[in-house]
Amino acid sequence: SGTSRPVRILHHVQKVAQYGDAQSVLSAVDSYCSKIEWAMNVGDLKGQILDAVVLETRPHYVLELGTYCGYSTVRIARLLPPGARLFSIEMNPQYAQVAREIIQHAGLDVDILVGCTSDLIPQLKKKLDIEKFDFVFIDHWKVSYLRDTKLLECDLLRPGSVLLADNVTCPGAPDYLHYMRTSPRYESQYFPSRLEYLSRGGGGALPGIKLLLNVT
Ligand SMILES: Cc1cc(C(=O)N2CCN(C)CC2)sc1-c1cc(O)c2nc[nH]c(=O)c2c1
Ligand SMILES: [Mg+2]
């Protein structure tokens with residue numbers, strides 16, 4: 001087929017979802033990916049955990065690593081108060097373009113930065129006039145979770161910042177999980193769940209990792 005999976009998801013959203021209605025965009029993606037073709041969106045089951053953590057944290061500055069089609073971006077942005085800022089980093093320009101259109105269809109305003117997280121994270125302080133991130137959703141590539149978290153620790157997090165990471169057990173980011181569970185800087189919480197769009201079984205956990213930096 002000529003189109004990519006993200007483009008097919010976008011076309012489905014544009015066909016069935018109500019413009020400006022974020023919930024209908026999420027439902028359109030979820031029904032497409034559970035009935036037509038699987039895709040690596042965080043999905044509705046883990047998405048409910050994401051919602052709960054965002055609502056509890058009430059973040060003003062949010063960073064997402066890994067945009068893909070923008071499903072979790074919409075999930076987060078729809079819960080933020082006016083004035084809050086959400087930045088999402090995506091390495092794949094085609095994914096980023098699809099995400100922009102899905103986010104626009106939801107009537108939401110997000111800054112999508114195209115590039116590699118390890119290149120962009122060190123530039124964020126200079127590029128964006130923000131001090132610290134209150135909430136970070138990590139959902140890009142498992143081998144980069146730990147390296148990018150350490151880049152964020154340099155000067156983009158504060159005591160109480162919350163990091164939430166998808167897929168720490170499926171597909172798995174064991175070095176990240178070990179680091180977060182053993183470092184004295186973090187109070188970690190693990191949310192068992194299931195991989196997106198599987199009717200039964202499957203792994204896929206979404207641990208909530210809270211950051212409590214020791215201010216020495
Ligand atoms: C690509 C992929 C395949 C998976 C799997 O086990 N599969 C068996 C079951 N069948 C049905 C689907 C495929 S899980 C997964 C995946 C899931 C995420 O949430 C991801 N999030 C961010 N970045 C990723 O690279 C990412 C990959
Ligand atoms: Mg994921």
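Note that the coordinates shown come from a computational prediction; the quantities given were computed from them, not determined experimentally. All ligand and atom numbering here is 1-based and tracks the order in the structure.
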request  = Give the residue and atom name of whichever protein heavy atom lies nearest to atom 10 (N) of ligand 1, and the separation in Å to one decimal.
outcome  = Leu198 CD2, 4.5 Å
note = The complete set of ring pair (Phe, Tyr, Trp, His ring centres under 6.0 Å) pairs with one or both residues in residues 75-118, sequence neighbours excluded, reads Tyr19-His105, Tyr68-Tyr95
ask   = Nearest to atom 26 (C) of ligand 1, what protein heavy atom do you find, and at what distance?
value = Met40 SD, 3.5 Å
note = Numbered in order shown, the ligand 1 atoms found under 4.0 Å of a heavy atom of His140 are 22 (C), 23 (N), 24 (C), 25 (O)
query = Do the numbers put Arg147 on top of the ring of Tyr176, so that NZ or CZ is under 6.0 Å from the six-membered ring centre and no more than 45° off the axis?
reply = no
task = Using a cut-off of strictly less than 2.8 Å, determine whether Asp139 has an N/O/S atom near the Mg ion (ligand 2).
result = yes
key: Minimum non-hydrogen distance to atom 20 (C) of ligand 1, winning option of Asn41, Leu65, Asn167, Asp166   = Asn167
ask   = Which of the atoms of ligand 1 are close to Trp141, meaning less than 4.0 Å from one of its heavy atoms?
value = 25 (O)
ask   = Just by distance, with hydrogens left out, do Glu64 and Ser88 show a side-chain donor and acceptor under 3.5 Å apart?
value = yes
task = Ignoring hydrogens, just give me the one of Gly43, Pro171, Gly172, Cys170 whose non-hydrogen atom is nearest atom 16 (C) of ligand 1.
result = Pro171
task = Check whether any side-chain heavy atom of Val62 sits under 4.5 Å from a side-chain heavy atom of Phe133, and report yes or no.
result = no
ask   = Is the NZ or CZ atom of Lys150 both under 6.0 Å from the centre of the six-membered ring of Tyr179 and within 45° of that ring's axis?
value = yes
inquiry  = Among all protein heavy atoms in this structure, tell me which lies nearest to atom 14 (S) of ligand 1, with the distance rounded to 0.1 Å.
reply    = Leu195 CD1, 3.6 Å
Within-cut-off N or O pair, Trp38 and ligand 1, under 3.5 Å = no
ask   = Linking I/L/V/M/F/W/Y whenever their side-chain heavy atoms sit closer than 4.5 Å, directly or via other members, would Trp141 and Leu65 fall into one cluster?
value = no
request  = Specify whether an N/O/S atom of Met40 falls short of 2.8 Å from the Mg ion (ligand 2).
outcome  = no
task = Heavy-atom contacts with Glu196 under 4.0 Å: which atoms of ligand 1 show up? List them by number with element.
result = 17 (C), 18 (C), 19 (O)
request  = Among the N/O/S atoms of Asp166, select the one at the shortest distance from the Mg ion (ligand 2) and name it.
outcome  = OD2
request  = Only counting residues at least two apart or in another chain, list the ones meeting side chain to side chain donor-acceptor pair (under 3.5 Å) with Glu90.
outcome  = none
ask   = Has Glu37 got more than 12 heavy atoms of other residues, nucleotides or ligands less than 6.0 Å from its CD?
value = yes
